[in-house]
Q: 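Quick one: structure below, then a few questions.
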Amino acid sequence: MGLLFWNFVTASRRAATFIKFPNTIMSRRLHASRIEGVDKNVWVEFSQLVNDYQPVNLGQGFPDFAPPKYMEDAFCEALRGGPSMHQYTRAFGHPRLVKSLAKFFSGIVGREIHPMDDVLVTVGAYQALFCAFQALVEEGDEVIVVEPFFDCYQPMVKMAGGKAVYVPLRPKANGAGEGGALSSGDWVLSTEELASKFTPRTKAVVINTPNNPLGKVYKREELQVIADLCIQHDVLCFSDEVYEWLTYDGTQHVKIASLPGMWERTITVGSAGKTFSATGWKVGWAIGATDLIKHMKTVHQNSVYHCATAAQEAVARGFERELDLLGTPESYFRQLPDEMRLKREKLASCLESVGLKPIMPQGGYFMITDVSSVKADLDEADGKEEAYDFRFVKWLIKEKGLATIPVSAFYSPEHGRDFDKYIRFCFIKEDSTLDAAEAILKNWSASSHL
Ligand code: PMP
Ligand code: GLN
């Protein structure tokens with residue numbers, strides 16, 4: 001009788017748990033709470049749609065052309081470089097690559113970067129960011145994130161146990177255009193608003209220059225304001241600079257790590273994917289003071305260990321070549337922005353010709369535009385509770401055959417709705433792809449729905 005009763009109690013408890021956690025295969029919740037609420041991902045969602053509908057793709061940020069020939073050759077040569085190219089290399093970065101990164105960036109940061117201590121090679125910039133948050137953000141710490149931001153910062157802060165605190169870039173009231181700014185440079189941080197976000201729990205500030213999706217390139221004076229606050233409050237800075245070579249119209253990219261007092265507290269993140277137009281290689285890096293990098297190494301050695309040897313060897317060769325050619329017309333870091341400037345202009349005039357007002361990016365390879373004036377019959381789109389730009393972009397893919405990215409994905413859940421009338425176009429595409437997008441927009445415009 002006693003045993004029967006006990007079996008009944010246990011079975012009822014199990015049933016109650018299954019009702020509470022209906023998707024689990026265990027009698028308790030399967031997933032860790034650190035991943036709660038971060039399961040939705042804009043790249044996963046929109047890449048699937050692109051796959052399903054095969055639109056002209058100005059969405060996800062990657063070139064639809066090959067990297068420079070010398071980089072393709074470098075990878076092939078690396079692969080044929082003997083057995084060691086196919087085996088493990090040093091955990092924290094292939095020696096040839098950390099040496100070339102240290103040499104290259106020492107000149108730019110204006111101090112000697114130690115290849116073994118101050119550089120960590122990672123699986124793309126993503127993993128550099130992940131290591132920074134995991135290694136340096138403590139449970140309960142606050143991290144100030146400038147909006148709009150590359151979307152992974154928020155889940156990464158959350159998974160580290162931290163709390164993201166947002167501060168927005170806002171269009172200046174006296175910006176170039178009536179009722180809105182028309183250059184990414186007109187989007188600025190308010191010093192008072194930024195200062196008000198610092199608390200005793202603040203551990204780090206995250207910035208991204210040139211910014212994705214806006215294309216803003218922070219001026220030295222703007223970075224100095226951020227640096228002064230970081231120093232005053234004894235806070236770290238994570239500076240995501242994956243688009244550092246892509247600036248236009250004489251705009252200069254400045255590294256916050258090069259400002260006085262900032263080297264000691266800054267992690268600078270870079271990406272070979274963006275630098276050499278080879279996003280699939282997934283080689284990235286973090287550069288910073290030995291005492292910061294050593295903690296990131298701990299995360300790295302116990303998770304990924306190292307990234308592909310041959311890809312690292314090829315990137316090393318790329319940087320060695322660039323170091324020799326820096327400032328000359330043969331340098332890819334000069335050729336790429338020259339080419340992208342033309343594509344930026346091509347896309348901007350296409351958008352303007354159909355009555356849209358793009359915000360001209362000073363850097364990066366994205367352009368955002370307000371679509372609130374566009375007449376789109378979104379009734380067909382599923383989920384009215386979904387942000388307007390998500391519904392709009394889905395409709396654009398399915399009905400017009402053109403893929404872009406909704407800009408509210410680059411805002412916190414709290415602020416996304418305030419910015420859900422913008423969409424982002426990627427212009428690092430073949431001219432034929434940009435032409436195909438233009439044909440779609442012009443056709444649409446001619447049928448007077450735009
Ligand atoms: N930061 C920003 C701002 C990005 O746009 C991206 C996407 N490339 C990343 C980091 C991640 O870079 P990677 O592909 O090298 O991981
Ligand atoms: N960084 C790329 C972009 O902004 C996408 C990264 C990804 O696909 N996960 O488009």
Side-chain angles (χ1 to χ4, degrees), residues 38-51 57-64 67 71 93 97 101 120-133 145-157 169 184 206-218 238-247 253 256 267-287 300 304 307-308 311-312 314-315 318 336 340 361-368 393 403-411 422-429 433:
V38 297
D39 49 336
K40 199 168 181 249
N41 180 290
V42 66
W43 313 112
V44 172
E45 186 176 5
F46 284 88
S47 299
Q48 185 60 53
L49 281 174
V50 165
N51 214 25
N57 191 0
L58 303 191
Q60 195 183 20
F62 65 91
D64 63 354
M71 286 305 279
L97 179 55
L101 285 169
L120 174 65
V121 175
T122 54
V123 181
Y126 261 104
Q127 199 227 336
L129 290 160
F130 187 75
C131 288
F133 289 114
V145 178
V146 180
E147 288 181 308
F149 57 90
F150 183 54
D151 65 303
C152 73
Y153 306 160
Q154 185 263 337
M156 286 191 188
V157 171
L169 286 163
S184 62
V206 190
I207 60 167
N208 173 212
T209 182
N211 170 276
N212 176 8
L214 186 57
K216 179 185 173 65
V217 180
Y218 288 70
F238 301 162
S239 186
D240 180 343
E241 302 181 11
V242 300
Y243 302 102
E244 63 190 307
W245 299 107
L246 287 158
T247 59
H253 171 74
I256 195 165
I267 298 289
T268 305
V269 172
S271 163
K274 302 294 169 175
T275 301
F276 293 110
S277 304
T279 57
W281 292 15
K282 290 303 285 185
V283 176
W285 54 86
I287 296 180
H300 182 77
V304 166
C307 76
Q312 294 193 63
V315 174
L336 185 65
M340 288 315 115
Q362 303 157 286
Y365 46 57
F366 304 110
M367 185 178 292
I368 72 171
V393 171
T404 61
I405 294 291
V407 167
S408 66
F410 302 87
Y411 281 86
Y422 289 96
I423 63 171
R424 188 196 81 171
F425 293 81
C426 172
F427 57 83
I428 190 160
K429 302 291 174 187
T433 311

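In what follows, residues are counted from 1 in the order of the sequence shown. Order of listing sets the numbers, starting from 1, for every ligand and every atom in it.
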Q: Answer with side chain, backbone, both or neither: which part of Q127 has a heavy atom less than 4.0 angstrom from an atom of ligand 1?
A: neither
Q: Within the structure, does N208 bring an N/O atom to less than 3.5 angstrom of an N/O atom in ligand 1?
A: no
Q: Say whether, by atom type as modelled, one donor and one acceptor occur between the side chain of N208 and the main chain of N212 under 3.5 angstrom.
A: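 Here the side-chain-to-backbone pair exists.
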Q: Would one find an N or O of G124, backbone or side chain, under 3.5 Å from an N or O of ligand 1?
A: no
Q: Looking only at protein heavy atoms, which one is nearest to atom 1 (N) of ligand 2, and how far off is it?
A: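 Nearest neighbour among protein heavy atoms for atom 1 (N) of ligand 2, to 0.1 Å: F150 CE1, 3.4 Å.
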Q: Hey, does L120 have a side-chain heavy atom less than 4.5 Å from the side chain of H300?
A: yes
Q: So, does F62 sit close enough to ligand 1 that a heavy atom of it is under 4.0 Å from the ligand?
A: no
Q: Is it the side chain, the backbone, both or neither of F62 that has a heavy atom closer than 4.0 Å to ligand 2?
A: neither
Q: Please could you name the atoms of ligand 1 that S271 approaches to less than 4.0 Å, counting only its heavy atoms?
A: 13 (P), 15 (O)
Q: Nearest to atom 9 (C) of ligand 1, what protein heavy atom do you find, and at what distance?
A: F150 CE2, 3.4 Å
Q: Could you list which atoms of ligand 2 come closer than 4.0 Å to a heavy atom of K274?
A: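 Once the distances to K274 are compared, the set is 1 (N), 2 (C).
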Q: Say whether Y365 and K429, considering side chains only, have a donor N or O and an acceptor N or O under 3.5 Å apart.
A: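 Looking only at side-chain atoms, K429 and Y365 do not form any donor-acceptor pair under 3.5 Å.
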Q: Using heavy atoms and a threshold below 4.0 Å, how should the contact between Y126 and ligand 1 be classified: side chain, backbone, both, or neither?
A: both
Q: Quick one: closest heavy-atom pair of G318 and F276, and the distance?
A: C-CZ, 3.7 Å
Q: Would you say S184's side chain and G215's backbone share a donor-acceptor pair under 3.5 angstrom?
A: yes
Q: What protein heavy atom sits nearest atom 14 (O) of ligand 1, and how far off is it?
A: K282 NZ, 3.4 Å
Q: Is the backbone N or O of K274 less than 3.5 Å from a side-chain atom of S271, with the two atoms forming a donor-acceptor pair by type?
A: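 Yes.
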Q: Please work out whether any backbone atom (N, CA, C, O) or any side-chain heavy atom from C-beta onward of T279 is under 4.0 Å from ligand 2, and answer side chain, backbone, both or neither.
A: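 None of T279 does.
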Q: Counting heavy atoms only, which of N41, N212, D151 is nearest atom 4 (O) of ligand 2?
A: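 Result: the heavy atom closest to atom 4 (O) of ligand 2 is in N212.
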Q: Of the protein's non-hydrogen atoms, which lies at the shortest distance from atom 5 (O) of ligand 1, and what is that distance?
A: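 Answer for atom 5 (O) of ligand 1: Y243 OH, 2.6 Å.
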Q: So which heavy atom on S47 is nearest to which on Q60, and how close?
A: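 Residues S47 and Q60, closest heavy atoms: OG-OE1, 3.7 Å.
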Q: If only atom types and distance count, is the side chain of T247 paired as donor or acceptor with the main-chain N or O of H253 below 3.5 Å?
A: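 Not at all, since once roles are kept as given, no pair shorter than 3.5 Å links the two residues.
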Q: Tell me if the centroids of the rings in F149 and Y411 come within less than 6.0 Å of each other.
A: no
Q: Please check this pair: side chain of N211 against backbone of P148, looking for a donor-acceptor N/O pair closer than 3.5 Å.
A: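 Pair found, side chain donor or acceptor close to backbone of P148.
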Q: Using a strict 4.0 Å cut-off to heavy atoms of G61, name the atoms of ligand 2 that fall inside it.
A: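 So the atoms of ligand 2 that pass are 2 (C), 3 (C), 10 (O).
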Q: Quick test: of every protein heavy atom, which one is nearest to atom 7 (C) of ligand 2, and how far off is it to 0.1 Å?
A: W43 CG, 3.4 Å
Q: Given D240, N212, V123, N211, identify the one with the heavy atom nearest to atom 2 (C) of ligand 1.
A: D240
Q: For F410 and D151, work out which heavy atoms get closest and say how close.
A: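 Heavy atoms of F410 and D151 come nearest at CD2-N, 4.3 Å.
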Q: Output the list of atoms in ligand 2 that are nearer than 4.0 Å to some heavy atom of Y126, sorted by atom number.
A: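 Near Y126, meaning under 4.0 Å from one of its heavy atoms, ligand 2 has 6 (C), 7 (C), 9 (N).
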Q: Is the closest N or O pair between K274 and ligand 1 shorter than 3.5 Å?
A: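 Yes, since at least one N or O of K274 sits under 3.5 Å from an N or O of ligand 1.
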Q: Regarding Y153 and D240, is there a side-chain donor-to-acceptor distance under 3.5 Å anywhere?
A: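 Result is yes, a qualifying pair exists.
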Q: For residues A286 and I267, report the shortest heavy-atom separation together with the two atoms involved.
A: CB-CG2, 4.0 Å
Q: Which residue and atom name correspond to the protein heavy atom nearest atom 12 (O) of ligand 1, and how close is it?
A: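 In this structure, atom 12 (O) of ligand 1 has A125 CB, 3.4 Å as its nearest protein heavy atom.
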Q: For atom 8 (O) of ligand 2, grab the closest protein heavy atom and report residue, atom and distance to one decimal in Å.
A: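 Nearest protein contact, heavy atoms only, for atom 8 (O) of ligand 2 is Q60 NE2, 2.5 Å.
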